[in-house]
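Worksheet: one structure, shown below.
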Amino acid sequence: MLLQDFSGGVNTRIAPHLLPKNQAQEYINIENSTGSLKSLKGPISTGIPVDTYFTYFYADNEWVSKLNDTDFVEYQDNLYMSDGTTLKYRKNLTDYSLGIAGPSTKLEISDALDVTVSMSTSTNGTLSGGTTYDYVLGITNDTTGKTTYKPASYTVTVDNPNPLASSGLLSLVIVSQASYTISLYRKYGGKLYLVDTAPYSAGLVLTDSDVNIGTNATIPADYSDAVYTYCYTFYDSVKGVESSPSPISEESTRLNTKLTGFEATTNTEVDSLRIYRNGGALTNYTLIEEVPYTGVLSEYIDNSPDIDIAGNHILDSFNNTVPLSGLKYISETYAMLFAAKDDKLYYSEIAKPYAWPATNFIDFDATITGIGAVSNGILVFTKYKTFIITGNTPGGFSKYLLSGSQGCLSHKSIQFVDNNILWLSTDGICSTNGGEVKVISMPLLGKLDFLVTVYSSAVLDNVYYLSYSNALGDKLLVLDFRYNLMARYISTQGTHIVTTLDNLYQNYNGTLQKLLYGDDLEFTYKSPMLTDGKYSNYKTYKDMYLKYNGVFTINIYIDAILNTTISLNGNDVYNLKFKGLSKGYGLEIEITGTGEIEEIEYNVIGR
């Protein structure tokens with residue numbers, strides 16, 4: 001029997017005597033790419049300190065690590081993170097909360113200028129007693145030329161059928177040193193006409209005594225009797241991120257409105273408030289002004305005519321709700337972020353990772369355990385089922401059951417390999433490209449009883465690595481797709497792994513290690529039960545020859561009973577002599593050591 005090809009990896013599903021001779025019962029720390037039995041290279045320390053959960057942030061060229069269980073995804077040069085508390089993102093060495101929480105209370109509205117109007121009557125004039133007349137008071141700043149309009153209605157008393165109506169300004173709070181001109185307008189024939197005007201002075205009285213004012217000047221074009229409402233947002237002008245708006249204010253029937261009730265924000269990225277108005281000639285909430293944010297704004301005066309703000313930015317952040325707290329498993333596809341909480345899948349707006357509308361979720365029938373993406377949809381896992389979400393826009397999403405028997409035990413086991421998603425189920429490593437779900441580890445490893453701690457997974461050069469811990473210590477389960485699918489194990493001293501910069505890294509005692517670049521690891525190999533074609537044939541075993549280079553301990557078993565143990569050190573061919581009668585039905589070769597075994601040959605005589 002000649003053994004030269006050892007590249008088949010481990011197979012623990014089928015009986016040892018049925019294994020192909022290139023497979024093995026044990027196959028640990030072996031580099032399979034050359035075909036010989038060769039030690040895998042171990043780790044080397046980079047000296048870089050990392051916490052338990054870590055990744056490499058390409059855009060900022062830094063290692064990022066966290067103590068809490070955290071998932072990472074890099075998108076649009078930001079690093080997004082979920083840890084089951086608050087979604088965050090990282091940029092320029094700083095972590096930020098994702099999105100900006102909008103104001104929670106509506107603005108209060110009042111007159112910008114404190115003006116009180118009273119009426120007096122006389123027996124002169126042609127106004128009819130008992131009639132209500134609609135007035136508008138115009139208060140013009142002589143410096144800026146801007147006018148504030150205040151509507152009012154007064155009823156002339158029945159006792160004086162021909163009174164003289166007059167309005168007296170009892171108080172006017174002037175907010176600057178500017179002078180003011182006061183104009184009184186009355187509605188006549190459906191239009192507002194000038195009744196009287198004069199420069200402001202204390203105790204000013206404007207007189208209205210003639211019903212027929214149709215030949216007087218009409219009110220200026222900047223007057224509007226429209227109804228206005230207001231809202232505002234918090235804004236990060238550096239990143240262009242805007243919060244959802246405050247609730248809509250009560251209605252205002254005037255320009256020159258005083259807005260109060262602004263809130264503070266704890267978001268340190270906010271540098272502006274955006275104040276919006278709707279009504280009059282405006283059919284959408286239109287930006288009045290972007291005001292620098294330096295703390296709580298005490299008040300804002302709106303005296304901008306519609307024509308002055310028409311064409312400004314239209315409010316479009318109604319859906320910019322901050323993501324729900326408690327989200328996990330952050331993922332990205334279709335220019336959207338996805339995350340899960342309990343039995344719901346949540347997702348952001350397209351190309352707006354900071355906007356998570358409250359209605360953007362899909363229900364499932366059990367707690368979600370992982371999220372992945374394939375070319376034709378989004379995979380969502382529960383412990384025992386796999387679903388696919390098709391469509392690439394929120395309005396086009398549809399949910400379908402992909403597998404009712406294979407779910408996912410750990411989001412951290414999910415990786416993309418060669419157009420397929422791989423993950424760990426209750427049966428083993430599964431795979432799909434969006435179609436049939438297959439347990440691809442089953443032919444080699446049988447059903448895997450994974451009562452273990454899953455740390456994480458990674459893919460390098462079409463090789464899938466699953467990092468886990470069981471009673472025997474920390475290990476990597478490896479599925480190698482480079483040539484033909486094979487499985488092997490790697491013993492490690494570390495926990496979480498990532499692939500970055502075309503290398504495989506692992507955390508060990510708070511330090512980053514680069515795997516597969518250090519000294520030779522001690523490997524363990526146990527051959528199939530070699531039967532030389534017939535298990536029932538009783539055989540006599542003769543000489544065995546081993547071509548080796550390294551340090552090894554070799555145990556030879558005949559019918560599962562230890563026959564011979566030898567130690568080798570060097571670079572040579574060794575002729576092994578079997579002990580005793582050396583008779584039996586099957587032979588097993590167990591090797592531990594470092595270096596390379598290139599060939600094993602032994603002679604056998606049948607009965």
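The structure presented is a predicted model; accordingly, all values stated were derived computationally and were not measured.
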Note to self: Strictly by salt bridge (Lys or Arg N to Asp or Glu O under 4.0 Å), give each pair with a member in residues 487-502 just once, sequence neighbours left out.
What the structure shows: D480-R488
Check: Of all residues at least two apart in sequence or in a different chain, which pass the ring-ring contact (aromatic ring centres under 6.0 Å, His included) check with Y75?
Finding: none
Return a table of donor-acceptor pairs under 3.5 angstrom between the side chains of residues 400-407 and protein atoms on other chains or two or more places apart.
| from | atom 1 | to | atom 2 | distance (Å) |
| --- | --- | --- | --- | --- |
| S403 | OG | S405 | N | 3.3 |
| S403 | OG | Q406 | N | 3.1 |
| Q406 | OE1 | S425 | OG | 2.7 |
| Q406 | NE2 | D427 | OD2 | 2.7 |

Note to self: Using the side chain to side chain contact (heavy atoms under 4.5 Å, CB included) criterion, which residues pair with L67? Sequence neighbours excluded.
What the structure shows: D51
Next item on the list: Check salt bridge (Lys or Arg N to Asp or Glu O under 4.0 Å) between D418 and all other residues, then give those that pass, not counting sequence neighbours.
Entry: none
Item checked: Qualifying residues under side chain to side chain contact (heavy atoms under 4.5 Å, CB included), relative to A458, sequence neighbours excluded -> I497, T499, L504
Item checked: side chain to side chain donor-acceptor pair (under 3.5 Å) involving Y89 - partner list, sequence neighbours excluded -> E269
Checklist line | Contacts of type salt bridge (Lys or Arg N to Asp or Glu O under 4.0 Å), residue E596, not counting sequence neighbours | finding: none
Notebook entry, point to check: Quick one: ring-ring contact (aromatic ring centres under 6.0 Å, His included) pairs with a partner in residues 22-46, sequence neighbours left out?
Noted result: none
Item checked: With sequence neighbours excluded, residues passing side chain to side chain donor-acceptor pair (under 3.5 Å) with K41 -> D520
Margin query: Please enumerate all residues that pass ring-ring contact (aromatic ring centres under 6.0 Å, His included) together with Y56, with sequence neighbours excluded.
Written below: Y58, W63
Margin query: The criterion is side chain to side chain contact (heavy atoms under 4.5 Å, CB included); which residues satisfy it with N419, sequence neighbours excluded?
Written below: F416
